[in-house]
Amino acid sequence: MKGWTKIYSSNQPVQVEVAKSILLENNIDSVEISKKDSSYMFGEIELYVRTESEIVARLIINQHDL
C-alpha cells in the first residue's frame with residue numbers, strides 16, 4: 001500500500017480495534033488488513049497509517065502498551 005505504513009499487528013481483533021480507536025481519538029486515520037486464514041483462524045491483523053503520521057502513531061501506540 002503506497003503511502004501507508006504498518007505500525008501494529010496482532011492476532012487479537014480486540015487489540016487491533018483498541019489501537020484503531022486510540023489513533024482515531026488522536027485524529028489519525030488507520031486501516032486494518034486481516035491476514036487471518038478464514039478456515040483455520042490463524043494469522044494476524046495489521047494496522048496501517050499514512051506514512052506522514054507514522055511517528056506520532058507509533059508514539060501513541062507505545063504509550064498505551066499495546
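Position 1 is the first residue of the sequence; numbering continues from there.
If you check the side chains of S10 and Q15, you find a donor sitting under 3.5 Å from an acceptor.
The side-chain heavy atoms of D29 and L24, taken from C-beta on, include a pair separated by under 4.5 Å. Using a 4.5 Å cut-off on side-chain heavy atoms (C-beta onward), E46 and Y8 make no contact. The shortest side-chain heavy-atom distance between E52 and T5 does not fall under the 4.5 Å cut-off. Side-chain contact check for I7 versus L23: some heavy-atom pair is nearer than 4.5 Å.
The pair K35-E44 does not count as a salt bridge, with every side-chain nitrogen at least 4.0 angstrom from each carboxylate oxygen.
Distance check, rounded to the nearest 0.5 Å: CH2 of W4 to OG of S53 gives 8.5 Å. From I28, atom CD1 reaches atom CD1 of I60 across 3.5 Å, with rounding to the nearest 0.5 Å. To the nearest 0.5 Å, the span separating CG on L47 from CD1 on I61 amounts to 6.5 Å. Atom OG of S21 sits about 11.0 Å away from atom NE2 of H64, to the nearest 0.5 Å.
Scanning all heavy atoms of the two residues, the minimum distance from R58 to K6 falls at NH2-O, 2.9 Å. Pairing each heavy atom of I22 with each of N26, the nearest pair is O-ND2, 2.8 Å.
Heavy-atom neighbours of I55 CD1 from other residues, nucleotides or ligands within 6.0 Å: at or below the threshold of 12.
One hydrophobic cluster, built from ILVMFWY side chains closer than 4.5 Å, holds both I45 and V14.
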